[in-house]
Colleague: 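Before I ask anything, here is the structure I am working with.
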2 protein chains.
Amino acid sequence: MSDGPADGGRPRQRMRADAQRSIDTLLTAAAEVFATSGVDAPVRQITARAGVGAGTLYRHFPQRSDLIAAVFRHEVDACADAAASLVAQHEAVDALARWLQRFAAFIATKRGLSAALHSGDPAYDSLPSYFQQRFVPVLGALLDTAAKAGQIRSDIDPEDLLRAVGNLTLPAQEDDNGHTQRMIALLVDGLRYGTHGSV
Amino acid sequence: MSDGPADGGRPRQRMRADAQRSIDTLLTAAAEVFATSGVDAPVRQITARAGVGAGTLYRHFPQRSDLIAAVFRHEVDACADAAASLVAQHEAVDALARWLQRFAAFIATKRGLSAALHSGDPAYDSLPSYFQQRFVPVLGALLDTAAKAGQIRSDIDPEDLLRAVGNLTLPAQEDDNGHTQRMIALLVDGLRYGTHGSV
DNA sequence: TTGCTAACCGGAACAGCGTTCCGTATCGTC
DNA sequence: GACGATACGGAACGCTGTTCCGGTTAGCAA
């Protein structure tokens, strides 16, 4: 996906290089600021970090919700795309485990977002389905590959596992000392149960 | 309860009459403004309606949450106290029905509040229990009286009924044309069921 | 009743916010 | 290289919450 402005579709005509640069910089800066100061952080904090004027931000994201939604989609994409390189570099079940950790880290940054999600702003309406559309196939493929390799059982619904990991992550505090990671590892071990040697 | 300032206790020494007047005016004005513009309404709108300077508001309610909590308590009190006069003027089951309608009207004005409630501000921590402490005995007494008069059954838990009416009211839109009221009436009829003649 | 003082009031003033506007700079093309 | 369209930056505007302080008033004592 091409992280374009908030018109919701593909660019109707090629975007100028500096504009695309601005958008990328803003998206990155906003993600960092949202992570540290929450989604209610001042606009100027984002523009300052991006080294960009306020006008530039409003040109590309007329509404605050546009920026938030774009950052969300951007991070969803980054997380989903991470699966490919993990698969290339690790064994099937290992790639699965690592991706779930990555996914948990993603969820952990979304604490302040749930309030915005339920604010009724229509700009957010498409976000949950985007989340599903992007992650379910990715996780589904990871599960499939590992199952076909005989490394995990094959009766796991990706949607269920997605929700389970999400729930596992939500209540965690910031300083949970790897508790969430250990729980996810446990979950993965659960997946292994019932294959080849073990019963 | 004496709607004092936000020190949480009774006035440690008699308050000047003009101060008490200001507090009352502010509480009334704030309630009206919150009802029309939501709890996020500008402070100046409240002070303007109360015919009072900003300094006066901040003197009595240093934090915004203090004002919101005070308005809430004030309205809880008004609603709870309404029961007494209803009992004096109507038959037991009628008083009960009328009070439930009154309670539903109260809940209906609390739409915007739930977000504030869950904001984590400790000023709101005591509100839910205040709600319970104030309403459960009132409704309990109404139920008791009506039950002893043989007008309704006697196996109703006031806490349950409180929650039921609350839930009944929450999803209602502003223009529900008396739908909520009809549902509550139905609930009261349900209470009647199983007494004297009927089965 | 009068006078005194602590308490209170009003609103101007300040700081910080989101948002708009427009002169200037840059890109892509001819 | 020159030109038009596009995008950039940041000053400026209006609105916000909050503070501050000179003037006013309530309550009490003489």
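In what follows, chains are A, B, ... by sequence order, proteins preceding strands, each numbered from 1.
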Colleague: Take the protein atom CE of Met15(A) and the nucleotide atom C1' of dA5(D), then report the distance between them rounded to whole Å.
Modeller: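 Met15(A) atom CE is separated from dA5(D) atom C1' by 14 Å.
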Colleague: Could you walk me through whether Arg134(A) and Asp81(A) pass salt bridge (charged side-chain N to carboxylate O under 4.0 Å, His left out), step by step?
Modeller: CA-CA 9 Å; Arg134(A) 222 50 190 82; Asp81(A) 293 343; 3.0 Å; yes
Colleague: Which whole-number value in Å describes the distance from Ile46(A) CD1 to dC17(C) P?
Modeller: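 Taking atom P of dC17(C) as the reference, CD1 of Ile46(A) is at 12 Å.
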Colleague: Reckon Ala54(B) touches a base, only the sugar-phosphate, or nothing at all at heavy-atom distances under 4.0 Å?
Modeller: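 The residue Ala54(B) makes base contact.
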Colleague: Take the protein atom CG of Asp66(B) and the nucleotide atom P of dT18(D), then report the distance between them rounded to whole Å.
Modeller: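 My rounded result for the distance is 11 Å.
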Colleague: If the cut-off is 4.0 Å, is His60(A) near the phosphate of dC8(D), judged by side-chain N/O to OP1 or OP2?
Modeller: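 Checking His60(A) against dC8(D): at least one side-chain N or O falls below 4.0 Å of OP1 or OP2.
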Colleague: Could you tell me the separation between the CZ atom of Arg64(B) and the P atom of dT19(D), rounded to a whole number of Å?
Modeller: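 After rounding, the reported distance stands at 14 Å.
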Colleague: Give the rounded distance in Å between these two atoms: CG of Asp18(A) and C1' of dT6(D).
Modeller: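 Those two atoms, CG and C1', are 8 Å apart.
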Colleague: Contact class for Ala41(B) vs. all strands (heavy atom < 4.0 Å): base, sugar-phosphate, or nothing?
Modeller: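 Result for Ala41(B) = sugar-phosphate.
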Colleague: side-chain contact (heavy atoms from CB on, under 4.5 Å), that's the test. Do Leu26(B) and Val52(B) meet it? Break it down for me.
Modeller: CA-CA 8 Å; Leu26(B) 275 169; Val52(B) 141; 4.2 Å; yes
Colleague: Which residue, Arg44(B) or Arg21(B), contacts DNA chain C at a nucleotide closer to its 5' end, judged by nearest heavy atom?
Modeller: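 Looking at DNA chain C, the more 5' nearest nucleotide goes with Arg21(B).
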Colleague: The side chain of Ala17(A) is closest to which nucleotide in this list: dT19(C), dC27(C), dC8(D)?
Modeller: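 Between dT19(C), dC27(C), dC8(D), the one nearest the side chain of Ala17(A) would be dC27(C).
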Colleague: Going from CE on Met15(B) to CZ on Arg21(B), what distance comes out if it is rounded to the nearest 0.5 angstrom?
Modeller: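 So the CE of Met15(B) and the CZ of Arg21(B) are separated by 12.5 Å.
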Colleague: What nucleotide among dT16(D), dC8(C), dG18(C) has an atom nearest to a side-chain atom of Pro42(B)?
Modeller: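 Taking heavy atoms from C-beta onward, the closest nucleotide is dT16(D).
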Colleague: Within the pair Arg16(B) and dG27(D), is there a side-chain N or O less than 4.0 Å away from OP1 or OP2?
Modeller: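 False: Arg16(B) side-chain N/O out of range (4.0 Å or more) of dG27(D) OP1/OP2.
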Colleague: Round to a whole Å and report the spacing from CD of Gln20(A) to P of dG28(C).
Modeller: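 Gln20(A) atom CD is separated from dG28(C) atom P by 11 Å.
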Colleague: Using the side-chain heavy atoms of Val43(A), tell me which of these nucleotides is nearest: dC8(C), dC8(D), dG18(C).
Modeller: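 Shortest atom-to-atom distance from the side chain points to dG18(C).
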Colleague: Given atom CG of Asp40(A) and atom C1' of dG18(C), what is their separation to the nearest angstrom?
Modeller: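 Going from CG in Asp40(A) over to C1' in dG18(C) covers 13 Å.
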Colleague: Less than 4.0 angstrom between a side-chain N/O of Thr47(A) and OP1 or OP2 of dG9(D), yes or no?
Modeller: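 Answer no for this pair, as no side-chain N or O of Thr47(A) is under 4.0 Å from OP1 or OP2.
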Colleague: Judged by each residue's nearest nucleotide on DNA chain D, which is more toward the 5′ side, Ala19(A) or Tyr58(B)?
Modeller: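 The residue closer to the strand's 5' end, by nearest nucleotide, is Ala19(A).
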Colleague: Can a side chain N or O of Thr56(A) be found less than 4.0 Å away from OP1 or OP2 on dA7(D)?
Modeller: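 No, Thr56(A) has no side-chain N/O under 4.0 Å of OP1/OP2 on dA7(D).
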Colleague: Tell me if the centroids of the rings in Trp99(B) and Phe135(B) come within less than 6.0 Å of each other.
Modeller: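 When the ring centroids of Trp99(B) and Phe135(B) are compared, they turn out to be within the sub-6.0 Å range.
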Colleague: Please give, in whole Å, the distance from dC27(C) C1' to Arg59(A) CZ?
Modeller: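 Those two atoms, CZ and C1', are 13 Å apart.
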Colleague: Could Lys148(A) and Asp144(A) be called an ion pair, given the rule that one side-chain N must be under 4.0 Å from one carboxylate O?
Modeller: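 Here Lys148(A) pairs with Asp144(A) in a salt bridge, since their nearest N and O are under 4.0 Å apart.
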